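Before any comments, here is the structure.
Here the structure is a predicted model, which is why all the values come from computation and not from measurement.
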Number of protein chains: 2
Amino acid sequence: MENLTTIGKLAKAQGVRAATLRYYEQMGLVPATRRTAAGYRVYGEDAARRLHFIRRAQALGFSLEEIAELLNLSDRPHASAGEVKKITRRKIAEIETRVRDLERMKRALMQIEHRCSGHGSTAKCPILAALGEDRS
Amino acid sequence: MENLTTIGKLAKAQGVRAATLRYYEQMGLVPATRRTAAGYRVYGEDAARRLHFIRRAQALGFSLEEIAELLNLSDRPHASAGEVKKITRRKIAEIETRVRDLERMKRALMQIEHRCSGHGSTAKCPILAALGEDRS
DNA sequence: CTTGACCTTCAAGCTGACTTCAAGGTTTAA
DNA sequence: TTAAACCTTGAAGTCAGCTTGAAGGTCAAG
């Protein structure tokens, strides 16, 4: 089954507002859908997957513009392979940097947690030290 | 040496604007500094470390409010250990989720990169599949 | 001892990502 | 068949996180 749905149902299912979906469409994040005779938007389940991706990526700190760029990568499967590859590698590198920074922050937080259990001494500001080295 | 400096120098050194530093002070992200007789702000190097942390944390997608919360953890070393511990654990869990999501996104990008080298077939939309499972 | 590069505050303006509102047309359930 | 619950567009409002501008005080170099 194709599982067609209206904007309101898709929105509710994904925990966003219908207005947000229209906004994403306007911003080019989701393609303009086909419409009913009355002009109502009609969504298939690919729309749900796409929307889900957008929300998760956002939670990871990507801007809508960056997300559009990521989605573009998979939308144009073989278009200008060289460029796609370049962007992809850049994104991968960005992600690796983020992960490293997050791991450092995590270690700092674990130190704080440990210290707060009474085991640590006055070792000061592990969190500030966390992202202290090397420039982005 | 204590390495005291003015707002302009600190700002330039960290690649932000002086106005941004004033804004952070206003928002409570950096404590109000002492001033010269003329009312000029005077910064020590702790300010530089703090600022550096703020910028990196921002790049990781934390809001200023969240960053303030993180900084508070290290500012009040032993204040209400129970609460600090709770917040710390929550932040650690959040970070772990983020890292997992980023790793998934990275794997998807690597598939795209691979596919674009001509090795892959029409395996479609690895990026959409990337964050497709389990809810945040 | 003045000129230009700083610093001060306060207020208004801008961008991204929505949200809300107004004024309507459509669908559906009683 | 009509009222509630949808949908449409367009435009304005909101919040975070700055940026810019105005109007003025301070400091360092020549």
Side-chain angles (χ1 to χ4, degrees), chain A residues 3-44 47-48 50-72 94 131 136, chain B residues 3-44 47-48 50-72 94 131 136:
Chain A
N3 209 347
L4 300 169
T5 182
T6 62
I7 196 167
K9 285 177 187 159
L10 175 57
K12 179 164 272 181
Q14 297 280 325
V16 303
R17 308 220 171 175
T20 305
L21 294 187
R22 291 190 199 103
Y23 174 75
Y24 287 167
E25 181 181 316
Q26 203 179 308
M27 297 295 105
L29 273 165
V30 298
T33 59
R34 53 202 171 88
R35 306 287 187 109
T36 65
Y40 282 27
R41 287 171 182 82
V42 178
Y43 295 93
R50 202 175 176 95
L51 182 52
H52 187 61
F53 174 82
I54 293 170
R55 304 302 289 186
R56 301 292 296 266
Q58 254 187 318
L60 293 178
F62 290 96
S63 69
L64 294 190
E65 204 178 324
E66 289 175 305
I67 295 170
E69 206 177 356
L70 285 166
L71 286 170
N72 254 315
E94 276 172 32
L131 302 179
S136 124
Chain B
N3 210 348
L4 301 169
T5 183
T6 62
I7 196 167
K9 284 175 187 160
L10 175 57
K12 180 164 271 182
Q14 298 279 324
V16 303
R17 308 218 172 179
T20 306
L21 294 187
R22 291 191 199 103
Y23 175 74
Y24 287 168
E25 181 181 316
Q26 203 179 307
M27 296 296 105
L29 273 165
V30 297
T33 60
R34 52 200 171 90
R35 306 287 188 109
T36 66
Y40 283 27
R41 287 171 181 83
V42 178
Y43 295 92
R50 203 175 175 95
L51 183 52
H52 187 61
F53 174 81
I54 293 170
R55 306 301 290 186
R56 301 293 295 269
Q58 253 188 319
L60 294 178
F62 291 97
S63 69
L64 294 190
E65 203 177 325
E66 289 175 306
I67 295 170
E69 207 177 357
L70 285 166
L71 286 169
N72 254 316
E94 276 172 33
L131 302 179
S136 122

Phosphate-side-chain proximity, B:Arg41 and C:dC7, N/O vs OP1/OP2 below 4.0 Å:
no
Can you tell me if the side-chain N/O atoms of A:Arg22 get under 4.0 Å from OP1 or OP2 in C:dT20?
no
Heavy-atom distance under 4.5 Å between the side chains of [X] and [Y], does that happen here?
{"X": "A:Leu51", "Y": "A:Leu21", "result": "yes"}
{"X": "A:Leu64", "Y": "A:Tyr24", "result": "yes"}
{"X": "A:Lys12", "Y": "A:Thr5", "result": "no"}
{"X": "B:Arg35", "Y": "B:Thr33", "result": "yes"}
{"X": "B:Tyr23", "Y": "B:Val16", "result": "no"}

Donor-acceptor pair, distance only, cut-off 3.5 Å: does the side chain of B:Arg22 make one with the backbone of B:Arg17?
no
Can you check the [X] [atom1] to [N] [atom2] distance for me, whole Å?
{"X": "B:Gln26", "N": "C:dT8", "atom1": "CD", "atom2": "P", "result": "13 Å"}
{"X": "A:Ile7", "N": "C:dT27", "atom1": "CD1", "atom2": "C1'", "result": "16 Å"}
{"X": "A:Leu21", "N": "D:dC7", "atom1": "CG", "atom2": "P", "result": "10 Å"}
{"X": "A:Tyr43", "N": "D:dC6", "atom1": "OH", "atom2": "P", "result": "16 Å"}
{"X": "A:Lys12", "N": "D:dA5", "atom1": "NZ", "atom2": "P", "result": "11 Å"}
{"X": "A:Lys9", "N": "C:dT28", "atom1": "NZ", "atom2": "C1'", "result": "10 Å"}
{"X": "B:Met27", "N": "D:dC18", "atom1": "CE", "atom2": "C1'", "result": "10 Å"}

So which atom in A:Leu71 and which in A:Leu29 form the shortest heavy-atom distance, rounded to 0.1 Å?
CD1-O, 3.8 Å
Considering all heavy atoms of both residues, which atom of A:Ala11 and which atom of A:Ala18 are nearest to each other, and what is their separation?
CB-N, 3.6 Å
For B:Ile67, the option from B:Ile54, B:Leu60, B:Asn72 that meets side chain to side chain contact (heavy atoms under 4.5 Å, CB included)
B:Ile54
One character per nucleotide, please: for nucleotides 24-30 of chain D, 5' to 3', B when the base has a protein heavy atom closer than 4.0 Å, S when only the sugar-phosphate does, - otherwise.
-BBS---
Using a 4.0 Å cut-off on protein heavy atoms (strictly under), produce a 5'-to-3' string for nucleotides 12-19 of chain C with B for base contact, S for backbone-only sugar-phosphate contact, and - for none.
-----BBS
